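Here the structure comes first, spelled out in structure tokens, and everything after it is commentary.
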Amino acid sequence: MARGERSEEVWAWYEAVYEAIQEIPHGRVTSYGHIARLVGKPERPRQVGVCLKNLPSPSTDPSKTSPRWNSGNVPWQRVISASGRISPRGPSGASRHAAALRAENVEVNQGAMGELTVDLGRFGWFPDVLPSEAGLVESSDEENEEEAAYHT
DNA sequence: TTGCTGACATGGT
DNA sequence: CACCATGCCAGCA
């Protein structure tokens, strides 16, 4: 019973998450939590992670159609933690992630422990609403978030 | 079926 | 600055 309905909710969630991620501009990054807010569920940043973990790879077989959303058309690499760190999650997972970001000119720093981080003050992208839902913003000055409150 | 894990975030110590 | 506890809930054993 609730199984079917539940499935649809889950599908809708995945769909919303993937679409939101596709709106992240090239060369910019945002956080799991921000994606969660953009899709209306600020309390579930972890579920955003679940979506990315289950993001399929594009089909290598030309005769088959690739999944609607796959690692080839969803910029998964532009989603990192709110602290600007790339979650280890695997032995070489983070480095792959970093490589993908550097490929689009995003500067990835490395801590002494090998922790990979990105300066959110410069590459972060945190709009209040998705551009697609903002009704094609016509102008207004872009928000300069240079204020990067760094206080080391 | 039940229970634990985890591509996170936030607030407290 | 670093840990620790809690909320969330889809996957997976």
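Atoms considered below: every heavy atom in the structure, side chains included; atoms not considered: hydrogens, waters and symmetry mates. What you see is a predicted model, and the numbers here were worked out from it, not measured in a lab. Residue numbering restarts at 1 for every chain, and letters A, B, ... go by the order of the sequence lines.
Among residues two or more places apart in sequence or in another chain, the ring pair (Phe, Tyr, Trp, His ring centres under 6.0 Å) test is passed with A/Tyr18 by A/Tyr14, A/Trp69.
Residues A/Trp76 and A/His97 place their aromatic rings such that the two centres sit under 6.0 Å apart.
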Assign a letter to each nucleotide of nucleotides 8-13 of chain C from its 5' end: B, base within under 4.0 Å of a protein heavy atom; S, sugar-phosphate only; -, no contact.
BBSS--

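When all heavy atoms of A/Val74 and A/Gln22 are compared, the pair lying nearest together is CG2-NE2, 4.0 Å.
Two residues are said to be in side-chain contact when any heavy atoms from C-beta on lie closer than 4.5 Å; A/Arg89 and A/Lys53 fail this criterion.
Here the C1' atom of nucleotide C/dC1 and the CE atom of A/Met113 are 12 Å apart, to the nearest Å. For A/Tyr32 and B/dG6, the OH to C1' distance is 11 Å, given to the nearest whole Å. The nearest whole Å value for the distance from the CD atom in A/Glu115 to the P atom in B/dC8 is 14 Å. Remark: C1' of B/dA7 and OH of A/Tyr18 are 11 Å apart, rounded to the nearest angstrom. In this structure, CZ of A/Phe126 is placed 13 Å from C1' of B/dC8, rounded to the nearest angstrom.
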Candidate pair A/Asn109 and A/Leu116, rule side-chain contact (heavy atoms from CB on, under 4.5 Å), full reasoning
CA-CA 6 Å; A/Asn109 308 303; A/Leu116 301 167; over 6 Å; no

Protein-nucleotides 10-13 of chain B N/O pairs closer than 3.5 Å?
{"from": "B/dT10", "atom 1": "OP1", "to": "A/Arg37", "atom 2": "NH2", "distance (Å)": "3.3"}

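Note on A/Val129 and A/Val39: separate hydrophobic clusters, where clusters join Ile, Leu, Val, Met, Phe, Trp and Tyr whose side-chain heavy atoms are under 4.5 Å apart, directly or indirectly.
The phosphate of B/dA7 has neither OP1 nor OP2 within less than 4.0 Å of any side-chain N or O from A/Ser81.
In summary, A/Arg102 and A/Glu107 do not engage in a salt bridge, as defined by a charged side-chain N under 4.0 Å from a carboxylate O. The existence of a salt bridge linking A/Arg28 and A/Glu104 is excluded, since no basic side-chain nitrogen approaches an acidic carboxylate oxygen closer than 4.0 Å.
Note on A/Ser31: only backbone sugar-phosphate atoms sit closer than 4.0 angstrom, heavy atoms only; bases stay farther off.
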